[in-house]
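Contents: one structure, followed by commentary.
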Amino acid sequence: MGYFPGMSLRWGPPDGRFWNPPVQTLSHDELRRLQLERLGHALERIWTRPIPFFRRKLEAAHLTPADIRSLADLAAIPVTVKDELRASEREVPPFGDYRGARLEDCVRVGASTGTSGRPTYILWTRRDLEVDDEAACRGRYRWGLRAGMSCAHAHPFGLYGGGWHFSHGLEALGVLNVPLGPPATAAQVDDAVEVWRRVRPAEVRLFGNAAAKFSEGARRRGLDPARDLGLTVAGEDPRAQYRTVSAGLEALGMLGTACAEADGAHVCEDLAIVEILDRRTRRPVGDGERGVLVITTLEKDNLMLRYDLEDVVRTNYRPCPCGETHVRLFWEGRAKDIVPVAGRELLPIDVALALATVPDLTGTVPEYQIVRRRADDGRLHLRVELTPVAQETGFRGAVERVVRERLGVATDLRVVPPGTLPRFDFKAARVVDAQP
Ligand SMILES: [Zn+2]
């Protein structure tokens, strides 16, 4: 392979605190210099490769690579949205003209999850996979995973699979990868339980309902999930959402994870420039304010230039006591899940954090669903499952009170019996649109 020294991603061996200590502790100024240098390479690639889609964007704004002399100049480049990638894929078969590498130089194809319309395709060269793996290694290392340990997960595989990405990141770190796959059938659950029993993974990463299904499967086989698998099914702590932040598989799947401070997820600023913009004005928001995540990938062959992920995030630019210098982000949710209530813009995480404070629920959250009305009638329309621990009488009042106190809005609450609302093996869809 043989990359130029300037293109090397890892500048030193792990030191117990960081996977890539020299890079993860760069000073603010050094980090900005590195970003600018790498942005220069990306712009050069757009011209010389060429990458027609992004070149058109720059030319439409009357820009050449020479015009981008500082990171502030980046703001002059128009933002790209997913619909434009879809159009490019439609018009220039087979995969559009926004690719930074020739198809014959790519080694993997995937599809974005397509939660908002037709999915787009993702291509990786070997170099792109190296960038993804580097980011993933830092992320897992922050969680305390080390070579020789093991990690089980239930990510899906196939075209829409984050499973490949998660798996390769673990393997690059030297961790034993235990890819259980989603618990779709009883046979799959049985197989997963058997390998789980043998390995007893140090870390288990499950979404939504998967833990309950594996737990059930273990009992079916006469095992005690806690004793034999180390698996306890607890209600989800909504703050767990802040442990990771992704820039989508199309940009940088593992953008970052939280360190032990648990005050936002450190992102890889040497591999991506993150901008947080107001979703309407596209102007930068202040530190700690919500905005949409716009990503420019650095060091990738199939690069992205100012790509709007339609994800809502906020930053934490305070210096972190852990010593890592890269900015921390909180992933707040998808822009498509914003629910306007009484002039405010609420996301499922707001509701989950409020519900977690209902007395008797001990920090965990009951199953809930937000019904979005076509017109904002000033109330949050909420369905919540009554959990066995909650008493009917106090529960309704407590939910209404915490929503009013924490979110400042009135609730139209429907308490429903346990098992009424849909369950999800992967990421939960909490917002449904009211039928007209
Ligand atoms: Zn930290």
Side-chain angles (χ1 to χ4, degrees), residues 9-35 38 71 131-147 149 151 165-166 169-170 172-175 202-205 237-248 251-276 284-291 293-299 309 311-333 349 353 363:
L9 300 174
R10 250 182 105 189
W11 295 2
D15 66 355
R17 289 194 308 156
F18 304 116
W19 166 254
N20 189 344
V23 170
Q24 289 175 263
T25 56
L26 279 173
S27 75
H28 181 269
D29 289 351
E30 288 168 328
L31 201 44
R32 299 295 163 248
R33 267 205 299 277
L34 180 66
Q35 284 184 327
R38 288 181 168 178
L71 291 174
V131 172
D132 277 2
D133 287 350
E134 169 62 23
C137 284
R138 285 184 214 170
R140 315 302 175 215
Y141 201 86
R142 274 188 216 103
W143 283 354
L145 279 172
R146 299 289 183 268
M149 295 168 85
C151 178
H165 185 268
F166 199 90
L170 292 176
L173 183 59
V175 165
E203 167 105 13
V204 179
R205 302 289 300 157
D237 177 353
R239 279 171 297 267
Q241 176 173 314
Y242 295 138
R243 283 182 74 188
T244 60
V245 60
S246 163
L252 189 61
M254 177 45 64
L255 182 59
T257 63
C259 63
E261 299 294 323
D263 196 13
H266 287 285
V267 304
C268 302
E269 287 193 272
D270 57 317
L271 305 180
I273 298 172
V274 297
E275 296 175 86
I276 319 303
V285 300
D287 189 25
E289 286 172 32
R290 281 182 177 175
L293 176 59
V294 172
I295 284 284
T296 297
T297 55
L298 305 169
E299 294 300 290
L309 287 139
D311 280 318
V312 181
V313 298
R314 63 190 160 91
T315 50
N316 175 0
Y317 268 106
R318 289 189 302 278
C320 187
C322 84
E324 181 152 7
T325 49
H326 299 225
V327 67
R328 287 172 286 175
L329 287 188
F330 295 89
W331 185 77
E332 300 285 0
I349 182 77
L353 288 170

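Whatever order the structure lists ligands and atoms in, that order sets their numbers, starting from 1.
Closest of all the heavy-atom pairs between Ala258 and Arg142 is O-CB, 3.9 Å. Of all heavy-atom pairs spanning His326 and Leu31, the tightest one is CE1-CD1, 3.7 Å.
Using a 4.5 Å heavy-atom cutoff, the side chains of Leu293 and Ile276 are in contact. Looking at Leu298 and Asp270, their side chains never come closer than 4.5 Å, going by heavy atoms from C-beta outward.
Glu203 has no carboxylate O lying under 4.0 Å from a charged side-chain N of Arg140, or vice versa, which leaves the two without a salt bridge. Here Arg32 pairs with Glu269 in a salt bridge; the nearest charged N to carboxylate O distance falls below 4.0 Å.
For the Zn ion (ligand 1), protein N, O or S atoms under 2.8 Å: 4 in total.
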